[in-house]
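All remarks here apply to the structure that follows.
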Amino acid sequence: MTMQRAWRLRSRPDGEISDSDLELVENPLPDLQDGEILVEVSYISMDPTNRIWMSDEEQYMPPVAIGDIMRAGVAGTVKESRNSNFEVGALVAGLGGYASHIVADGSVFGPLPDVPGLSLPKLFGSLGGTALTAYFGLLKIGDPKPGETVVVSAAAGAVGSIVGQIAKLKGCRVVGIAGGPDKCSYVVDELGFDACVDYKNGSVREQLDAYCPDGIDINFENVGGDIMQAVMERMNTFSRMALCGMISEYDALDQITGPKAWPRILMSRIKVQGFIVSDYMDEFGAAMEELIPWALEGKIKTREDVRQGLDNALDVVRDLYKGGNQGKLLLKV
Ligand code: NDP
């Protein structure tokens, strides 16, 4: 019999995730039913959206129910299978949870290819949903053209770092926004952005004015709040904004009062579109055919921040909302 260790949601966080909101419990797993697989989890993707799933705010998936295992993307190995599409020993990724093992029907898991030269954290963490989010948000909604100015917030993070590098490949001038000198120098010196606003040091508005003298053509928005407001105040006529995330506001989604930029959207005819990466699922395969060679050739660089131990899940996920992560945040079980 397999024992499962899993974090279950006990209460919906009020503000920051607190220790008492989730509980780590150990239970024996029942025998598999027809169609099910048992996955031994090796990596959990720690994502800003985890905080949204813990809330009961209106969202793009059902909230995690109280008492259920906390939902998360996972990668792991099939240990038992009663589904003919999955062989024991296969490497898979899909929608699982903060858990050592997941029992699932085959529909929420798929095979993970073995790509020589790309480690599992890179392939599953940075180049899976993360790179696809950057790719579709920038190319489909941002619609970048050579010479345009692109601003991306949370620029040193998993999604933002790839957005900026793809925008450079498309011939754009790219300005990141990140917290602190180390993250800003990573973005400029290692990833090749043209400039980076350090929102923790000095005025965001003054730095944007200095780095975007011709205004902003594309805003890839990851953060929300006053940073989003400052960027929108500088967007050009017929500019585009891909609304990917609003991490600064996830702890209090019910208290958002903005954006205050509606007149600007009207006067400058800004196209603002929210999106969820799964909107483009039919095109994932084609996108990966571009993204994987870019990664192998070093045209897009990624870094993974791999933490250890299921017991530490809450401290690890909380780091996302404080900027404690250096790249794609993963938990090795
Ligand atoms: P990151 O690796 O970018 O980590 C989050 C980063 O956000 C932190 O490192 C921190 O960077 C920044 N941040 C946190 N709190 C604040 C704050 N109050 N103000 C400003 N910056 C803050 O995470 P991801 O790349 O996984 O996610 C980035 C965004 O993309 C999130 O908003 C997420 O919800 C969204 N997303 C959307 C998807 C979609 O389908 N629409 C799919 C995947 C992600 P710093 O140190 O620079 O402050």
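Numbering of ligands and ligand atoms starts at 1, following listing order. Note that this is a predicted model, so its numbers are computed, not measured.
Considering each of G224, A158, G137, the one bringing a non-hydrogen atom nearest atom 1 (P) of ligand 1 is A158. Ranked by closest heavy atom to atom 13 (N) of ligand 1, the top entry among D47, L243, I247, I177 is I247. Checking N50, V277, D279 against atom 39 (C) of ligand 1, the nearest heavy atom belongs to V277.
When only interatomic distances are considered, the shortest N/O to N/O separation between N222 and ligand 1 falls below 3.5 Å. Where the criterion is an N or O separation shorter than 3.5 Å, residue side chain and backbone included, K322 fails it with respect to ligand 1. No N or O atom of A178 sits closer than 3.5 Å to an N or O atom of ligand 1. Residue contacts with ligand 1: K183 is placed with a nitrogen or oxygen under 3.5 Å of a nitrogen or oxygen of the ligand (distance criterion only). Residue I276 has no nitrogen or oxygen atom sitting less than 3.5 Å from a nitrogen or oxygen atom of ligand 1, judged on distance alone. Distances between N or O atoms of Y250 and those of ligand 1 include at least one value under 3.5 Å. Taking distance alone, with nitrogen or oxygen atoms compared against 3.5 Å, I227 stays at or beyond that limit from ligand 1.
For the pair R269 and F238, the distance from NZ or CZ to the six-membered ring centre is under 6.0 Å and the angle to the ring normal is within 45 degrees. For the pair R303 and Y186, the cation-pi test (distance below 6.0 Å, angle within 45°) is passed.
Side-chain N/O atoms of T302 and E304 include a donor and acceptor closer than 3.5 Å. Donor-acceptor pairing under 3.5 Å is lacking for the side chains of N83 and S81. Between the side chains of D217 and S239, not a single donor N or O lies within less than 3.5 Å of an accepting N or O.
At a threshold of 4.0 Å, the pair D14-R12 does not count as salt-bridged, since none of the basic side-chain nitrogens sits closer than that to a carboxylate oxygen. One finds a salt bridge joining E148 and R240 here, because a Lys/Arg side-chain nitrogen approaches an Asp/Glu carboxylate oxygen to under 4.0 Å.
Residue-level proximity to ligand 1 for V223 is carried by the side chain, the only part with a heavy atom below 4.0 angstrom. At a heavy-atom distance under 4.0 Å, only backbone atoms of M246 (N, CA, C or O) approach ligand 1. Counting heavy atoms closer than 4.0 Å to ligand 1, residue L320 contributes atoms from both its backbone and its side chain.
Remark: minimum distance from atom 3 (O) of ligand 1 to any protein heavy atom is reached at G157 CA, 3.2 Å.
The structure places CG of L9 at 13.0 Å from CH2 of W53, a figure rounded to the nearest 0.5 Å.
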